[in-house]
Amino acid sequence: CTPKAVFSHPTADAMAVAAAGETPPLQANYVFGRAWPDLNEGLSYTDTFRGADAETTASLINFYSENYKSSAPLPGWIHRIRNGQITVDGQVVTDPDMILREGSKLVYHRLAWKEPFAPHLLQVLYEDDDMVALNKPSGLQVLPKGIFQQRTVLAQLQWKEWKMPPSSCSKRKNVQLHPVPVHRLGRGTSGLLLCAKTKLAKVQLASYFAEGAANAEKKRDGTEVGKERKISKFYRALVTGILEHDGDVVTQPIGLVHYPGVAEGLYVACSSGKPAMSKVCVLERLAHQNQTLVQVEIHSGRPHQIRIHLAYIGHPLVA
């Protein structure tokens, strides 16, 4: 179960990614990161009013109170409108009863807020003209979502001054302003995160990750896994119970199903889902705690894949 070529670091306890066949540097080049401002910059939500909604949402207050009940009750939306937080076709509107016109552009400007704690320092493990390999700490989100709109890896990448490839005339269209992540790690997961400096590198690295999912579909029987892949992904996880066998290959498909109370649905193990493959290897059996430390090599990147697959074989993640 020992990977042939993996970026490794003592604190990168969840994921390791590497280009197969190459031995990367083991020491960090440097650490960077700017302390988070107390408040973020707020957020804007854009809508377009359609005439089909006119009978029930002809007024501004009806539009927001009916379509976004989960965001705020009626008094809350009235307060936001009167507070000047909504524009219609670029103009601030403070009258909740304003009648909307077909095609009107509505923008709700959410006020700045203090986001929960998140680490801000990022360790660079490898860097060249095409890519950067970061050691992402646990607790830091990769891309903006939910209550974390500023305290993300992406924001730190945008704030730093990078040594980017020369922007010659022939390559100018290929150069980006800053590196961008080419895959994701969960907020609570620590480990390697690959970021592309150029558009070409972004496309190429993304295709390598996509190959893993394609191979998972071709090799659901678990044979000859990993031979064609250029990027390998290894996670370390603590699971409930003692695994009987030293290794296991899980090929249960994962799909999205409707679930009461969850608007976006829930990802679960289901026969109608997309192909997924996880190779589980036992690292240590902790009998006194009834837990097992495992390494999981994933050959696809479905949402919550490790969590779902380990639960599927009867050994869910601890906590």
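- Between F63 and W77, a ring centre-to-centre spacing not shorter than 6.0 Å is recorded.
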>> Is there a side chain to side chain contact (heavy atoms under 4.5 Å, CB included) between Q291 and T240? Walk through the geometry before answering.
In response: CA-CA 5 Å; Q291 297 172 353; T240 302; 5.7 Å; no
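- Between F32 and W162, the two ring planes are perpendicular [angle over 60°; tilted spans 30° to 60°].
- F117 and L39 fall into different hydrophobic clusters, where Ile, Leu, Val, Met, Phe, Trp and Tyr side chains are chained together by heavy-atom contacts under 4.5 Å.
- Between V132 and P179, the closest heavy-atom pair is CG2-CG, 4.2 Å.
- The residues D246 and R285 are annotated as salt-bridged, a charged nitrogen and a carboxylate oxygen being separated by less than 4.0 angstrom.
- Ionic pairing of D129 and K163 is not present here: no N-O contact between side-chain nitrogen and carboxylate oxygen is shorter than 4.0 angstrom.
- Following chains of ILVMFWY side-chain contacts shorter than 4.5 Å, one cannot reach L283 starting from I242, and the two form parts of different hydrophobic clusters.
- A continuous path of hydrophobic side-chain contacts links L60 to L74 [ILVMFWY only; heavy atoms under 4.5 Å].
- By the 30° and 60° cut-offs, the orientation of the rings of W36 relative to H120 is perpendicular.
- Residues V296 and V239 are members of one and the same hydrophobic cluster, defined by side-chain heavy-atom contacts under 4.5 angstrom among Ile, Leu, Val, Met, Phe, Trp and Tyr.
- A 6.0 Å sphere centred on CD of E244 holds no more than 12 heavy atoms belonging to other residues, nucleotides or ligands.
- At a cut-off of 3.5 Å, with distance as the only test, a side-chain donor of N135 or Q123 sits close to an acceptor on the other residue.
- Under 3.5 Å, the side chains of R187 and T152 contain no donor-acceptor pair of N or O atoms.
- In the hydrophobic clustering of ILVMFWY residues, with side-chain heavy atoms under 4.5 Å counting as a link, I254 and M277 come out apart.
- Within 6.0 Å of the OH atom in Y267, the count of heavy atoms belonging to other residues, nucleotides or ligands does not exceed 12.
- With a 6.0 Å radius and a threshold of 12 heavy atoms from other residues, nucleotides or ligands, Y45 has its OH atom above the threshold.
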> Should R101 and D89 be marked as a salt bridge (Lys or Arg N to Asp or Glu O under 4.0 Å) after you check the CA-CA gap, both sets of side-chain angles, and the distance that decides it?
Replying inline: CA-CA 10 Å; R101 297 178 299 176; D89 295 327; 3.5 Å; yes
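- Both tests hold for R110 against W113: distance to the six-membered ring centre under 6.0 Å, angle to the ring axis within 45°.
- Salt bridge K197/E127: present, at least one basic N to carboxylate O contact under 4.0 Å.
- A 6.0 Å sphere centred on NZ of K160 holds more than 12 heavy atoms belonging to other residues, nucleotides or ligands.
- In the displayed structure, E41 atom CD is contacted under 6.0 Å by at most 12 heavy atoms of other residues, nucleotides or ligands.
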